[in-house]
There are 2 protein chains.
Amino acid sequence: MRTDSLARQLAFLAEIDRLKGVLRQTTLIDQSRRENSAEHSWHLALAALVLAEHAPQGADVGRVVRMVLVHDLVEIDAGDAFAYDAAANVGKDERERLAAERLFGLLPPDQGAELRALWEEFERADTPDAAFAVALDRLQPLLVNHHGGGGSWTRHGITRAQVLARMAPIERALPSLWAEVLRMVDENCRKGHIRP
Amino acid sequence: MRTDSLARQLAFLAEIDRLKGVLRQTTLIDQSRRENSAEHSWHLALAALVLAEHAPQGADVGRVVRMVLVHDLVEIDAGDAFAYDAAANVGKDERERLAAERLFGLLPPDQGAELRALWEEFERADTPDAAFAVALDRLQPLLVNHHGGGGSWTRHGITRAQVLARMAPIERALPSLWAEVLRMVDENCRKGHIRP
């Protein structure tokens, strides 16, 4: 039993290596290449630790770290759908559900259920922990685009209204960051990185 | 004060994006490219969560996750020294100390001190948390090389004795995994991926 459990854990850890090959629309700040979902998840986990003092009341930062570490795993099967591409998001829920079934199913049942529940909570975004995690998932590409010359905003001709709609979870979950978010967005509008 | 603190936190989060550009000798399992230290750190954090039941007595898994998330940050300035390359490891301690000074110094002082202490504990490897973290840092490239056709072992002509010496922290901190480690090493010897 113990042996079977260990074998499943190691098989899961080998399988999730593939998240390093899932490319996002965001680039690195140095714009040398597109970012992948594994390093993006690492960046979110550090953002959760560093910005913990701004978290919504009742948020458990350790749990948020676990949540962001697994929040994109389903992309191994379902791919990353660019947030501003409506067509790419059609059928996404069903693709991700099947992916969750397969990937979390590699683990011993209790562990798989626990990590899957964290992913589902992230998707529902209806708890303080998930609200914090979703806000970080919006903030990280904003930071990267801001320091990376406009990045995916510029490349895809995204407008200020689109960016602000996308960033709304930050205003709700991390209100103490909102003035700084607006400052970054406005600076990128002035520079022509975000369309008016 | 709050604003200055937030500015420092965001500056730190932007700076550590560079860890995604620090390449290790290990490749991805699909051997498409070398692994970087940010995605490697993400992989360790998930390994800590998934293998928690095997952790040394007294280990605090949440703390170990934080430790592995920051354990390679100094490589942003100091680079990644290949474990089996003695020459590359000369002067490494001093380079990493200076890197820690600069990078953790970007944060508000209390946060910087807390994360730096986690990194120092990892380097000393003298607590149950650090012993677990170091063992995971040895296990992850083993898994990747095992599933990736020998990877950096084969490319650099590494011997069985070198691999076993490198894996010794796993035997000490995760004894319930040791039989499986030996099985993987022996399989790679038989296949010619590790030299006798």
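Within every chain, numbering begins at 1; the chains are lettered A, B, ... in the order of the sequence lines, protein sequences first and strands thereafter.
With chain B as partner, the option from A:S41, A:G62, A:A179, A:S37 having the largest number of non-hydrogen pairs under 4.5 angstrom is A:S41. If you tally non-hydrogen atom pairs under 4.5 Å between each of A:L49, A:I29, A:L143 and chain B, the highest count goes to A:I29. Note: A:N36 leads A:L115, A:V61, A:N36, A:V144 in heavy-atom pairs under 4.5 Å with chain B. Counting heavy-atom pairs closer than 4.5 Å to chain A, the top-ranked of the candidates B:Q140, B:R18, B:R33 is B:R33. Ranked by heavy-atom pairs under 4.5 Å with chain B, the list A:E114, A:H146, A:R66 is led by A:R66. Ranked by heavy-atom pairs shorter than 4.5 Å toward chain A, the options B:R63, B:E180, B:H40, B:Q111 are led by B:Q111.
When hydrophobic clusters are built by joining Ile, Leu, Val, Met, Phe, Trp and Tyr residues whose side-chain heavy atoms come closer than 4.5 Å, directly or via intermediates, B:F82 is grouped together with B:I194. Linking Ile, Leu, Val, Met, Phe, Trp and Tyr residues whenever their side-chain heavy atoms come within less than 4.5 Å places A:L10 and B:L182 in a single cluster. In this structure, A:V65 is a member of the same hydrophobic cluster as B:W119, with clusters built from ILVMFWY side-chain heavy atoms closer than 4.5 Å. Cluster membership for A:I158 and A:V185, using ILVMFWY side-chain heavy atoms within less than 4.5 angstrom, is shared. Under the 4.5 Å side-chain heavy-atom criterion for Ile, Leu, Val, Met, Phe, Trp and Tyr, B:L73 and B:L23 are members of distinct hydrophobic clusters.
Taking all atoms of both residues into account, the shortest heavy-atom contact from A:W42 to B:I16 is CH2-O, 3.4 Å. Nearest heavy atoms, A:L69 versus B:L46: O-CD1, 3.7 Å.
Atom NE2 of B:H54 sits about 5.5 Å away from atom OG of A:S5, to the nearest 0.5 Å.
Heavy atoms closer than 4.5 Å to chain A are found in the side chain of B:E35, but not in its backbone. Proximity to chain A (any heavy atom under 4.5 Å) is restricted, for B:V70, to the side chain, taken from C-beta onward. Proximity to chain A (any heavy atom under 4.5 Å) is shown, for B:V50, by both the backbone and the side chain. Proximity to chain A (any heavy atom under 4.5 Å) is restricted, for B:L107, to the side chain, taken from C-beta onward.
A donor-acceptor contact shorter than 3.5 Å links the side chain of A:H43 to the backbone of B:L13.
Contact annotation: the side chain of B:D17 never approaches that of A:H147 to less than 4.5 Å [non-hydrogen atoms, C-beta and beyond].
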